[in-house]
Amino acid sequence: SVERHRVQVTLSDPLNSMVSKRKEKIQKHVRVTAADKDSAVKKAKDHYVKRGYKVHSAEHVGMVNEEIELDEELEDDAE
């Protein structure tokens with residue numbers, strides 16, 4: 001069965017137009033629809049890698065009950 005997971009991803013943006021920000025680590029909390037924890041973490045990583053980010057770590061935080069797909073705008077806790 002498909003469940004909704006919360007994943008915390010630590011990433012940096014090597015393509016940022018501001019050189020000083022390229023190594024800056026950003027934390028994002030995303031909600032991912034997946035069958036299990038491992039595939040949720042993989043899906044979150046792939047989502048950012050595909051967009052050119054460098055993913056440093058991704059960890060499973062917990063479960064979500066709402067019907068929400070991967071959408072960083074909803075849970076964006078960037079520091």
Side-chain angles (χ1 to χ4, degrees):
S1 74
V2 174
E3 301 167 319
R4 280 156 289 287
H5 304 264
R6 290 194 58 188
V7 179
Q8 177 179 305
V9 186
T10 304
L11 48 87
S12 57
D13 183 2
L15 306 174
N16 197 301
S17 56
M18 286 178 65
V19 176
S20 61
K21 291 203 178 279
R22 289 182 186 170
K23 284 195 161 52
E24 186 180 296
K25 287 188 180 174
I26 309 156
Q27 280 199 337
K28 301 249 185 208
H29 282 85
V30 290
R31 295 172 181 192
V32 190
T33 303
D36 55 60
K37 289 181 184 184
D38 294 339
S39 56
V41 170
K42 183 185 185 311
K43 213 168 170 182
K45 274 184 176 169
D46 292 348
H47 173 81
Y48 287 106
V49 169
K50 200 163 66 183
R51 285 158 180 77
Y53 292 98
K54 177 175 180 180
V55 176
H56 299 277
S57 70
E59 55 192 73
H60 189 266
V61 178
M63 306 300 293
V64 180
N65 298 323
E66 302 94 328
E67 291 269 337
I68 297 173
E69 298 256 325
L70 180 66
D71 187 346
E72 64 181 277
E73 301 308 316
L74 294 170
E75 279 298 317
D76 191 350
D77 301 334
E79 295 183 344

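Starting from 1, each residue takes its place in the sequence as its number.
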Legend entry - K21: partners by salt bridge (Lys or Arg N to Asp or Glu O under 4.0 Å), with sequence neighbours left out: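 Result, salt bridge (Lys or Arg N to Asp or Glu O under 4.0 Å) vs K21: E24.
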Legend entry - With H47, the side-chain hydrogen bond (donor to acceptor under 3.5 Å, both in side chains) member among R51, K43, K45, K50: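 That would be R51; it is the only one of R51, K43, K45, K50 passing the side-chain hydrogen bond (donor to acceptor under 3.5 Å, both in side chains) with H47.
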Inset, instruction - Side-chain contact test, heavy atoms from C-beta onward, threshold under 4.5 Å: evaluate it for Y53 versus V9 and give yes or no. - result: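 They are not in side-chain contact.
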Legend entry - Gap separating the CD atom of E59 from the CZ atom of R6, nearest 0.5 angstrom: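 Between E59 CD and R6 CZ, I get 12.0 Å after rounding to 0.5 Å.
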Legend entry - Verify same cluster id: M63, V61 (apolar side-chain graph, 4.5 Å):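 The answer is no; the residues belong to distinct hydrophobic clusters.
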Inset, instruction - Indicate the atoms forming the closest heavy-atom contact of P14 with K54, along with that distance. - result: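 So the minimum-distance heavy-atom pair works out to CD-N, 3.7 Å.
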Inset, instruction - Indicate the atoms forming the closest heavy-atom contact of V30 with A44, along with that distance. - result: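 Closest approach of V30 to A44: CG2-CB, 4.0 Å.
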Legend entry - By side chain to side chain donor-acceptor pair (under 3.5 Å) - contacts of D36 (at least two apart):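 Expected list: S39.
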Inset, instruction - Output all residues satisfying side chain to side chain contact (heavy atoms under 4.5 Å, CB included) with T10, sequence neighbours left out; order by chain, then residue number. - result: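 So T10 forms a side chain to side chain contact (heavy atoms under 4.5 Å, CB included) with Q8, K25, Q27, H56, S57.
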Legend entry - Set of residues satisfying side chain to side chain contact (heavy atoms under 4.5 Å, CB included) with respect to K42, sequence neighbours excluded: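 If we apply the side chain to side chain contact (heavy atoms under 4.5 Å, CB included) test to K42, skipping adjacent residues, the hits are D46.
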Inset, instruction - Scan residues 2-25 for pairs that pass ring pair (Phe, Tyr, Trp, His ring centres under 6.0 Å), counting only residues two or more places apart or in two chains. - result: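 Passing the test, one end in residues 2-25: H5-H60.
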Legend entry - Side-chain (K23) to main-chain (S12) donor-acceptor, under 3.5 angstrom: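 Side chain of K23 to backbone of S12: no pair is present.
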